[in-house]
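Beneath this line is the structure, given in structure tokens, with notes to follow.
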Amino acid sequence: MTAPTLPPHSSSDTPAPATDARADTGTPADPEASVSSLGRILHTQVISWYDANARDLPWRRPDAGAWGVMVSEFMLQQTPVSRVLPVYEQWLERWPRPADLAKEAPGEAVRAWGRLGYPRRALRLHGAAVAITERHGGDVPTEHAQLLALPGIGEYTAAAVASFAYGQRHAVLDTNVRRVLARAVTGVQYPPNATTAAERRLARALLPEDARTAARWAAASMELGALVCTAKNEACGRCPIAEHCAWRLAGKPPHEGPPRRGQTYAGTDRQVRGKLLAVLREAHAPVPQAVLDRVWHEPVQRARALDGLVADGLVEPLPGGLYRLPLT
DNA sequence: CATCCGTGGCG
DNA sequence: TCGCCAAGGAT
């Protein structure tokens with residue numbers, strides 16, 4: 001319900017949306033021009049909708065700060081909001097600044113991560129906190145390139161932090177925005193499996209000129225994908241741009257092309273790694289291998305999973321067949 | 001570019 | 001019950 005505010009800090013390090021590459025060809029009918037005018041409608045409608053319907057999430061509060069935004073982005077990588085909320089609160093309470101986390105053993109980050117999944121993210125967030133403390137004086141850097149250089153931060157997260165925390169103008173292309181653009185503009189049900197150059201181009205072409213508006217558009221289009229234009233059971237009845245949606249206007253044609261690859265889990269190394277790490281998270285003293293052996297019956301896969309955890313730095317082997325979360 | 005990397009809720 | 005999906009990144 002709140003209208004989240006953004007710090008006034010702004011900059012336009014992203015190239016302007018372009019008179020665009022095709023400007024010199026003198027193409028008579030002008031597809032980009034129509035994208036542009038459509039863009040303004042989308043911005044207006046979606047941002048208004050956002051102002052009235054945005055969830056009041058803690059990392060959107062003005063006092064969250066760049067560190068809060070960054071922590072939330074790490075946790076939200078492939079994990080739903082509802083499960084992130086409690087861990088986020090504990091995390092910020094315990095480590096209110098990057099330097100506070102940097103002082104801790106990495107294993108403490110892994111333990112506090114709990115069952116959010118993909119625990120390497122916890123390790124990378126710890127690594128990012130260390131780098132921020134060492135290289136940036138303890139403040140989350142403001143530049144996209146500096147953010148991108150931190151462990152665990154890729155194109156999406158760098159753009160998200162720069163946009164949400166610092167109000168900068170970046171194309172923030174997450175799975176929600178990709179789906180919204182695929183439907184509203186491209187007219188297909190789902191975006192491609194991997195992000196394409198065409199999607200980046202479209203997102204950049206649709207970016208409002210003004211940094212502040214661009215940041216708002218980024219948050220708003222993402223929220224629309226999360227709450228209304230969902231992967232399944234989309235709620236077009238509540239969509240502010242339903243009348244302009246190419247996919248809906250085309251009669252919602254079903255997805256064509258390669259099926260979107262599912263993620264099998266049962267019986268995989270990931271499941272075994274998860275079980276091993278769960279034991280180590282609960283333990284507050286080194287755990288004998290014999291105890292770990294009980295989580296999985298098959299010895300070859302069990303050993304491979306444990307080796308993998310050690311190789312990833314998520315588990316520290318000690319002399320005498322003991323294991324614990326990493327102290328260093 | 002395809003794979004790997006956790007976990008839990010929901011239809 | 002079980003497949004699908006959830007604010008990706010690294011290799």
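Below, read A as the first sequence line, B as the second, and so on, with proteins coming before strands; counting in each chain starts at 1.
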Next item on the list: Please check if any side-chain donor atom of A:Trp296 sits under 3.5 Å from a side-chain acceptor atom of A:Gln301, or the reverse.
Entry: yes

Notebook entry, point to check: With a 4.0 Å cut-off on heavy atoms, is A:Gly154 in touch with a base, just the backbone sugar-phosphate, or nothing at all?
Noted result: sugar-phosphate

Check: Who passes ring pair (Phe, Tyr, Trp, His ring centres under 6.0 Å) against A:Tyr118, sequence neighbours left out?
Finding: none

Next item on the list: Answer yes if A:Leu314 and A:Val279 sit in the same cluster of Ile, Leu, Val, Met, Phe, Trp and Tyr residues linked by side chain heavy atoms under 4.5 Å apart, and no otherwise.
Entry: yes

Margin query: Can you measure A:Glu155 atom CD to C:dG8 atom C1' for me and round it to whole angstrom units?
Written below: 12 Å

Item checked: Between C1' of C:dA7 and CG of A:Leu57, the distance in whole Å -> 10 Å

Note to self: Nearest whole Å is fine: how far is C:dC5 C1' from A:Glu234 CD?
What the structure shows: 14 Å

Check: With A:Asp269, which residues qualify under salt bridge (Lys or Arg N to Asp or Glu O under 4.0 Å), at least two apart?
Finding: A:Arg304

Notebook entry, point to check: Sequence neighbours excluded, which residues qualify as side chain to side chain donor-acceptor pair (under 3.5 Å) partners of A:Glu223?
Noted result: A:Arg55, A:Arg60

Note to self: Under a 4.0 Å threshold between the charged nitrogen and the carboxylate oxygen, would A:Arg273 count as salt-bridged to A:Asp312?
What the structure shows: yes

Note to self: Test of understanding: with salt bridge (Lys or Arg N to Asp or Glu O under 4.0 Å), list the residues that count as partners of A:Arg281, not counting sequence neighbours.
What the structure shows: none

Kindly give the atom pairs (protein nitrogen or oxygen, nucleotide nitrogen or oxygen) under 3.5 Å for nucleotides 1-3 of chain B.
none

Item checked: Whole-Å distance separating the CG atom of A:Asp174 from the C1' atom of C:dC5 -> 14 Å

Item checked: Side-chain (A:Glu234) to main-chain (A:Cys229) donor-acceptor, under 3.5 angstrom -> no

Please report, to 0.1 Å, the donor-acceptor pairs under 3.5 Å made by any side chain of residues 96-104 of chain A, with sequence neighbours excluded.
residue  : atom : partner  : partner atom : Å
A:Arg97  : NE   : A:Asp100 : OD2          : 3.2
A:Arg97  : NH2  : A:Asp100 : OD1          : 3.0
A:Asp100 : OD2  : A:Arg97  : N            : 2.9
A:Glu104 : OE2  : A:Trp95  : NE1          : 3.2

Checklist line | Listed partners of A:Arg111 passing side chain to side chain donor-acceptor pair (under 3.5 Å), at least two apart | finding: A:Glu108

Next item on the list: Applying salt bridge (Lys or Arg N to Asp or Glu O under 4.0 Å), name anything that partners A:Arg248, two or more places apart in sequence or on another chain.
Entry: none

Check: Are A:Leu76 and A:Leu148 joined in one hydrophobic group, where the rule is that I, L, V, M, F, W and Y side chains link up if heavy atoms are under 4.5 Å apart?
Finding: no

Notebook entry, point to check: Looking across every strand, which nucleic acid part, if any, lies under 4.0 Å from A:Arg304 by heavy atom: base, sugar-phosphate, or nothing?
Noted result: nothing

Next item on the list: Can you tell me the distance, in whole Å, between the OH atom of A:Tyr118 and the P atom of B:dG8?
Entry: 13 Å

Margin query: Regarding A:Arg61 and A:Asp63, does a basic nitrogen lie under 4.0 Å from an acidic carboxylate oxygen?
Written below: yes

Next item on the list: Check whether any side-chain nitrogen or oxygen of A:Arg281 sits under 4.0 Å from OP1 or OP2 of B:dT7, and answer yes or no.
Entry: yes

Notebook entry, point to check: When we call it a touch if two heavy atoms are under 4.0 Å apart, what does A:Thr157 touch: a base, just sugar-phosphate, or nothing?
Noted result: sugar-phosphate

Notebook entry, point to check: Would you say B:dG8 has OP1 or OP2 under 4.0 Å from some side-chain N or O of A:Arg115?
Noted result: yes

Check: Which residues within residues 264-280 of chain A lie with some heavy atom under 4.0 Å of an atom in DNA chain B?
Finding: A:Tyr265, A:Asp269, A:Arg270, A:Arg273, A:Gly274

Check: Going by heavy atoms closer than 4.0 Å, what residues in residues 175-183 of chain A are next to DNA chain C?
Finding: A:Thr175, A:Asn176, A:Arg179

Side-chain donor/acceptor pairs under 3.5 Å, residues 315-328 of chain A, sequence neighbours excluded:
residue  : atom : partner  : partner atom : Å
A:Glu316 : OE1  : A:Leu327 : N            : 3.3
A:Glu316 : OE2  : A:Arg324 : NE           : 3.0
A:Glu316 : OE2  : A:Arg324 : NH2          : 2.7
A:Tyr323 : OH   : A:Gln289 : OE1          : 3.4

Notebook entry, point to check: Rounded to the Å, how far apart are A:Leu116 CG and C:dA7 P?
Noted result: 15 Å

Check: Atom CG of A:Asn233 and atom P of C:dC5: how far apart are they, to the nearest Å?
Finding: 11 Å

Notebook entry, point to check: Rounding to the closest angstrom, what is the interatomic distance between C:dA7 and B:dA2 at atom C1'?
Noted result: 22 Å

Notebook entry, point to check: So what does A:Trp113 hit on the nucleic acid, given a heavy-atom distance under 4.0 Å: a base, only sugar-phosphate, or nothing?
Noted result: nothing

Next item on the list: Grab the CG-P distance between A:Leu147 and C:dG9 for me, whole Å please.
Entry: 12 Å

Notebook entry, point to check: Going by heavy atoms closer than 4.0 Å, what residues in residues 74-92 of chain A are next to DNA chain C?
Noted result: A:Leu76, A:Gln77, A:Gln78, A:Pro80

